[in-house]
Amino acid sequence: MKRLLSAIALSLLVASCTKSLVVRGPNTQVSPLDQQATASSAMSEPQALEYGDSEAASNTGSLLGNEHVGERILPTGIVEIGDPAAPLVVLLFTHHSCNYCRTFTDERLPSLLRDFVDHGKVRVQIAQLNISKYPQSLTQAKSLVCAAAQGKGIAMHKELFNQQFWDDKALTALAKKVGLKDKVFMDCLKAPGTASAVQLQQSLAQSLGVSLVPTYFIDGQKYVGLPQYPDLRGRIEEALSKK
């Protein structure tokens, strides 16, 4: 019941965060609505906002099926995977109609989780960059936010690459396939706060100069394109060595 009420309250919670939002990301503090508030709060480590009960937020699993990797949702609707105290952040901007992004999720992300996230060294943040030529972009981004509100963001992130239809019937079926309460999910898709969270992601992308996918940041250093995993691993290891 607590999880259900929390999911329904998503729009109110997101709206309440946006006045003084600090995005926990790659050495970047962004508040599109209040730059002064961002600057004043950048001195302290911001805390991730978790929707739903603590058990759901800390034990939602991973793409590897590893129950030790936690998942939470940030105020922007960005999904974060891993120990919230992990010293290094990898922020990924993706799009669920992008083949290179699918490859990143299917082939790079599981290795990243196994080698770094499972060991508490890295936390991964996932956001969608909306692309105007794909009319389903907004629905995809909102679907990720609404699934994360029910503790299923990672599962939805993977499944969205396979989704071909975006009418209400197809989205209800998608919710059931991912294991969501379908009515809560559909109500969340229509909630104003969900659209606000997605817009905050787009503002973050714009502020970071993201225009292509996949684009990822390793503790603030920007990389564009699909990396070979040895290169990705080497960049992360180098960044960790400086911590």
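Here the structure is a predicted model, which is why all the values come from computation and not from measurement.
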Using a 6.0 Å cut-off, check whether atom CD of Glu237 has over 12 heavy atoms from anything other than its own residue. yes
Looking at CD of Gln199 and CG of Leu204, how far apart are the two atoms once the value is rounded to the nearest 0.5 Å? 11.5 Å
Worked verdict on His95 versus Leu129 for side chain to side chain contact (heavy atoms under 4.5 Å, CB included): CA-CA 6 Å; His95 192 284; Leu129 175 70; 5.7 Å; no
Could you give all pairs that pass the salt bridge (Lys or Arg N to Asp or Glu O under 4.0 Å) test and reach residues 186-204, with sequence neighbours left out? Lys183-Asp187
So do Cys98 and Pro214 actually touch side chain to side chain, heavy atoms under 4.5 Å? yes
Kindly give the heavy-atom pair with the smallest separation between Leu240 and Lys121, and that separation in Å. CD2-O, 3.7 Å
Can you measure from CG (Asp219) to NZ (Lys243) and round to the nearest 0.5 angstrom? 3.5 Å
Identify the heavy atoms of Val117 and Ile81 that sit nearest to each other, and give their distance. CG1-O, 4.0 Å
Gap separating the OG atom of Ser132 from the CG atom of Leu138, nearest 0.5 angstrom: 12.5 Å
Using atom types as modelled and distance alone, determine if a side-chain donor or acceptor of Gln136 lies under 3.5 Å from a backbone N or O of Trp166. no
Please check: side-chain N/O of Thr215 versus main-chain N/O of Val224, any donor-acceptor pairing under 3.5 Å? no
Gap separating the CD atom of Gln201 from the CD1 atom of Ile126, nearest 0.5 angstrom: 11.0 Å
Nearest heavy-atom pair of Leu200 and Thr76: which atoms, and what distance? CB-CG2, 3.9 Å
Minimum heavy-atom separation for Phe217 to Leu208, with atom names? CZ-CB, 3.7 Å
Mark yes or no for whether Glu80, through its side chain, and Val124, through its backbone, hold a donor-acceptor pair below 3.5 Å. no
So, the side chain of Tyr216 versus the backbone of Phe93: is there a donor-acceptor pair under 3.5 Å, distance only? no
Please answer: with hydrophobic residues joined when any side-chain heavy atoms are less than 4.5 Å apart, are Val210 and Tyr134 in the same cluster? yes
Is Thr103 reaching over with its side chain to a backbone N or O of Asn99, donor-acceptor style, under 3.5 angstrom? yes
Classify the angle between the aromatic ring planes of His157 and His96 as parallel (below 30°), tilted (30 to 60°) or perpendicular (above 60°). perpendicular
How long is the span from the CG atom in Asp115 to the CG atom in Leu232, to the nearest 0.5 Å? 9.5 Å
Is Lys222 reaching over with its side chain to a backbone N or O of Gly209, donor-acceptor style, under 3.5 angstrom? yes
How long is the span from the CD atom in Glu107 to the CD atom in Gln228, to the nearest 0.5 Å? 9.0 Å
Within the 4.5 Å heavy-atom criterion, are Tyr100 and Thr94 side-chain neighbours or not? no
Beyond-backbone contact of Asp83 with Arg123, side-chain heavy atoms, under 4.5 angstrom: no
Are side-chain heavy atoms of Arg235 and Gln221 found at a separation under 4.5 Å? no
Just wondering, do Met156 and Phe185 contact through their side chains at under 4.5 Å, heavy atoms? yes
If you compare all heavy atoms of Ile78 against all heavy atoms of Gln125, which two are closest, and at what distance to 0.1 Å? CG2-CB, 3.7 Å
Between the main-chain N or O of Phe161 and the side-chain N or O of Arg102, is there a donor-acceptor pair closer than 3.5 Å? yes
Is the backbone of Cys188 close enough, under 3.5 Å, to the side chain of Thr194 for a donor and an acceptor to pair up by distance? yes
Are any side-chain N or O atoms of Gln202 and backbone N or O atoms of Asn130, one a donor and one an acceptor, separated by less than 3.5 Å? yes
Step by step, would you call Phe116 with Ile236 a side chain to side chain contact (heavy atoms under 4.5 Å, CB included)? CA-CA 9 Å; Phe116 297 102; Ile236 292 173; 3.7 Å; yes
Shortest non-hydrogen separation from Leu144 to Gly153 and the atoms involved: CD1-O, 3.3 Å
Do side-chain atoms of Arg72 reach the backbone of Gly82 as a donor and acceptor pair under 3.5 angstrom? yes
If we count only N and O atoms by modelled type, under 3.5 Å, do the side chains of Gln163 and Ser143 hold a donor and an acceptor together? no
Give the intermediate values and the outcome of side chain to side chain contact (heavy atoms under 4.5 Å, CB included) for residues Leu174 and Leu160. CA-CA 9 Å; Leu174 173 63; Leu160 280 170; 4.0 Å; yes
